[in-house]
Every structure is written in C-alpha cells, then in structure tokens.
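Following: one structure in structure tokens, then a few remarks.
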Protein chains: 2
Amino acid sequence: MHGLADGMIPSSDSPAPAKSPTNRSRSEELRVLRALAVAGADRGTIEVTSREVGRQIGMSQQAADRRLLALERAGDIARTVHGRRPRLSLTAQGIDALRAEYQSLRRIFEGPSRLELHGIVVSGLGEGRYYLSQPGYAEQFPSRIGYAPFPGTLNVRLDGEMRRRAAMVKQWTGIRIDGFQASGRTFGGAMCIPAKIGGSPGHLIRPDRTHYEDVVEFVAPVSLREKLKLIDASPVDIELEEP
Amino acid sequence: MHGLADGMIPSSDSPAPAKSPTNRSRSEELRVLRALAVAGADRGTIEVTSREVGRQIGMSQQAADRRLLALERAGDIARTVHGRRPRLSLTAQGIDALRAEYQSLRRIFEGPSRLELHGIVVSGLGEGRYYLSQPGYAEQFPSRIGYAPFPGTLNVRLDGEMRRRAAMVKQWTGIRIDGFQASGRTFGGAMCIPAKIGGSPGHLIRPDRTHYEDVVEFVAPVSLREKLKLIDASPVDIELEEP
DNA sequence: ATTACTAAAACTCGAGTAA
DNA sequence: TTTACTCGAGTTTTAGTAA
C-alpha cells in the first residue's frame, strides 16, 4: 500500500567542506544541537563547558568536545573562549538544521488524522440493531452522515496493539449524533468517524458513554456482512479519517 | 508458522527491558523510526524491506536490519513477514518516542519568541530625530508603546551572523505605528518590538519599507547614549521579545 | 527475492595528558 | 580551571553468506 518515499533524509547534503561526517554521527550532532538550543543557544549566547554538555548528553567531556568541534567545523555553532568562560551559540545554519528536523516531525504529528486498523469480526448481542431502530437516532443519520444505515452494526474486535492505536480516535472530532429521551429512558449521544471497512464506506460509532474497549462498531448503508461476505472471526481492514 | 495476527502482537516478553541500548545508537534508532513514520508506518502497516530502509538512511542493508531488529526488540515497531512481503508498523510506544522528540523541538520553535543580539553603536544621519519629530508619528507613541520617545534613535550595526539571526524578527508581529500623509509627502508605517538595550527598556523600530539591513534602530524614553554612556563603536547587548 | 549471522575493517569511546 | 590531542579498548560497520 505504501512505499518508502525517497528523498527525505533530513539534512540531505549541505556544502560539505572539510570532513564528510557520517550519517551516524550527524544524528548525534543534531542531538547535541538540540540540547544546546534547549539551553537557550538558539536565541543568544550561553556559557557551557564541554564537561557540562557531556553530562547533559550522557557522555564524557572528550566525546562532548569532539561533537562541539564537529558542529563548529560544520558551521552549526559558533564558540568563543572568554578567559575561563567558554561561550557558544547556534548559528543561523545550525538553527535551520534543527528546524528541518522539527518540520519533518511536525508533518507526522500535525498532518491530517488518518489511521489504519485491523481486527476480526465478532457477533454483538443485537444492541446495535435495537439502537439503530430508535427513531430518535434513525432520523438524525440521513442528514448528518448522508445515508440511512443498514439496521445492524458490524462489531470488530481489536487486539492490544490495535486498541492502543485506536485510542487516539478519542481525541478526534467526528460527526455528532445527539442523545435524546424516549420511552422514559435516556439514550446517549455518539460520535461518527468516517471509515472504510474492507474498502466499503461506513462510519465508526463511538458512543459518548462507553470507554474505548476491545470491540468497535460500524454502520454502513448496506449490510457489510453480506457485501463483504464476512462471518464471525473474519479479518477486516479498517481505515479511519477525521472529517 | 506465525499468522499475520499472531505476528502483530508486539511480544509476549514485554516486561523485559533487555539490553540497554547506548545513547548513541538510540538517536540513530529514532532517526529510523522517523523515516518509517514519514513513510506512513505511524498510521498503518507499510511494506518495506531492510534494503529500502538502508537506502533511505544511507546505510547498508545489514545495518538497517540491525536497527529494525533493535527497534523491534525495544517494542517500537512490529514486523511480520508475509512470504516475500515484509510488513512493518510503529507501535503505540514507538509513536510516543517520536512524539517526545517532537515536543522537545516544538518547545524550541514554538515557545515565546525571544532573541539576543549584540552589535556596535554607530552614528545615524539624523533621520531618526527628523522622523520622531513628525507629529504624525509622535502622537502615536505614548498610547501604543507607553512613553514619548527621546527625540533621537540609537543606531546599532550588526555583523553577518547577528544579521542572519535578526532576520527572524521580520516574521514577528510587534506594536503597529501607522503611516500617514503630511506636508505633501507620505510617511510609511513601522513595527515596534519591545527590547532591552544594555538592560534599558526601549523598542526596536522596523520600518515597513526598508529591508532588514545591517543597522537597526531603537527608541527609548531617555537618551540611551547618555544613560549607558555609549559612544560610536561601543558594543551593546540587545534582547528582543515578541509582545 | 528476503532476513540476519560471522568476521574483519572502520569507527568511536574514555583515560591520560599537553597546552 | 579550560579545550582538545593520542592511543588502547570496545562498538559498529560492511562484505560475504547461510537460511
């Protein structure tokens, strides 16, 4: 489904004047650069010794100093020794190198919210059908999710790892289905998340009341069991996307 | 041997902290983890071989594979081999590890905008005094920056590195001084950035029209030259903070 | 085609130490 | 005090292969 796209090695190739730093040491250098930025070297000059830098990154004074030397030679930091007080600051280039790292992580965490899950089909106890048959719910669906759901939910069990991944959906905002009162009892609200179940469009239903547990429920315009020929214990792939 | 579902379960021996990975290899592991996330392994399962990962991170297939093994043993990724198709995804723990990196960079780049500069006092050509004496400007200052500026600006020359650092100020939003028309000519607007000049409060003035160049101008409630006993070529330290 | 082992080469480490 | 060199020891690399 996906391939590993080329050309995203963070700091591809800046002008490499002196020694070619191995990729490996480069990522350590960036760690040091980040530690220095956290200490304020990105917005001004700070006083630090190589020993302190070493303590910070869990290495000896010698190793830390080697890093500082490499960073200096690469043009990422500028150092001056003022008598006994070594001073240091990130250069514009050094800040850019860190920013590139930041942007690449930012794209991961701030990009559009999508999630792929897989689980196995299980039988519910018919509550799905019961709830969907309540007029209070039924009349909301067509205008909000664009179809009248097939009267029955597909229940999918997630294993531990998938459950942890799905936990993120709790933070998402989906399409709201309101709660209501009828027949002397209260029916709670729910959130619908657009989904593809085995490639078929539908929605994940996340009731306000229940904690996220090991079974998630889906609605769709048609019977997913029939359309996808699913039986209990069939594996299904699910794609979710925040609207 | 293992089915897909079996293999996806991270590992039965999760409470085993196992080998302590050195700090050094850990930052390389995170680099691999990030490359995998960029390829989509954070939101689903991707197909990728150790050779491709190696190409991506600039290393041999063997080295890449050792990283994947380490990440797998650490519980940061889950792998399955489906015949010829090796598949892989980040675990919740692996995503958290990346997120921690992201947060630490985020604090650097999204924190309150502050900047320390230093430069050398130079003489202007008296334009500062001329502009500040224009009623159209003068009447705006007290209500916007809280004081009537001493009638004259302090000009500070920045060297190349400081200039690059100061370029960031162009993106900042400061306190607005509006342009106006008077005596048949147009006076442009400017932005004021709160500053401490040698510890003394004042504002950097950034006219809309000029590009950022090697000299920046400051206003203050008093004569900074007198208060700080500055003469031409005196070094000054400057702190800027976005309001 | 893969993954992943072995072993020699290449690095990197910290101790010692000069400046 | 610093920074930063050399050097022996320990790690990590890639090439060659097995599975």
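Residue numbers start from 1 in every chain, and the chains themselves are labelled A, B, ... in the order their sequence lines are given, proteins ahead of strands.
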State which of C/dT2, D/dT14, C/dA4 makes the closest approach to the side chain of B/Arg51.
-> C/dT2
Nearest-neighbour nucleotide for the B/Arg66 side chain, C/dT2, D/dT13, D/dT6 considered = D/dT13
Heavy-atom pair of closest approach, residues B/Ile46 and B/Gly40 | CG2-C, 3.8 Å
Looking only at heavy atoms, what is the nearest atom pair of A/Ala166 and A/Leu115, with distance?
-> CA-CD2, 4.1 Å
Per A/Ala63 side chain, nearest of listed nucleotides C/dA4, D/dT14, C/dC13 = C/dC13
How close or far is atom P of C/dC11 from atom CD of B/Glu28, stated in whole angstroms?
-> 15 Å
To the nearest angstrom, the CZ-C1' distance between A/Arg26 and C/dT12 comes to 18 Å
Which one, C/dT12, D/dT14, C/dC5, comes nearest to the side chain of A/Arg67?
-> C/dT12
To the nearest angstrom, how far is B/Asp65 atom CG from D/dT14 atom C1'?
-> 13 Å
By the Watson-Crick or G-U definition, both distances under 3.5 Å, D/dT3 is matched with C/dA18
Regarding A/Glu28 and B/Ser27, is there a side-chain donor-to-acceptor distance under 3.5 Å anywhere?
-> yes
Rounded distance [0.5 Å steps], CD in A/Glu72 versus CG in A/Asp65 = 9.0 Å
Closest to the B/Gln61 side chain: C/dT3, D/dT12, D/dT14?
-> C/dT3
Per atom distances to the A/Met59 side chain, the nearest of C/dG14, C/dT2, D/dT12 is C/dG14
The nucleotide from C/dC5, D/dT14, D/dT2 with an atom nearest the side chain of A/Pro86 is D/dT2
For B/Gln62 and C/dC5, what is the distance between atoms CD and C1' respectively, to the nearest whole Å?
-> 10 Å
Value in whole Å for how far the C1' atom of D/dT14 lies from CD1 of B/Ile57 | 13 Å
When all nucleic acid strands are considered with a 4.0 Å heavy-atom cut-off, which category describes A/Leu69: base, sugar-phosphate, or nothing?
-> sugar-phosphate
Quickly work out the B/Leu88 CG to C/dT2 P distance and round it to whole Å.
-> 15 Å
Is there a side-chain polar atom (N or O) of B/Thr49 under 4.0 Å from OP1 or OP2 of C/dA1?
-> no
Please state how far atom CZ in B/Arg87 lies from atom P in C/dT3, giving the value in whole angstrom units.
-> 14 Å
Can we say A/Asp232 and A/Arg225 salt-bridge, meaning some charged N sits less than 4.0 Å from an Asp/Glu carboxylate O?
-> yes
B/Leu68 CG to C/dT2 P, straight-line distance once rounded to whole Å | 13 Å
Would you please confirm or rule out a distance under 4.0 Å between OP1 or OP2 of C/dC13 and any side-chain N or O of A/Ser60?
-> no
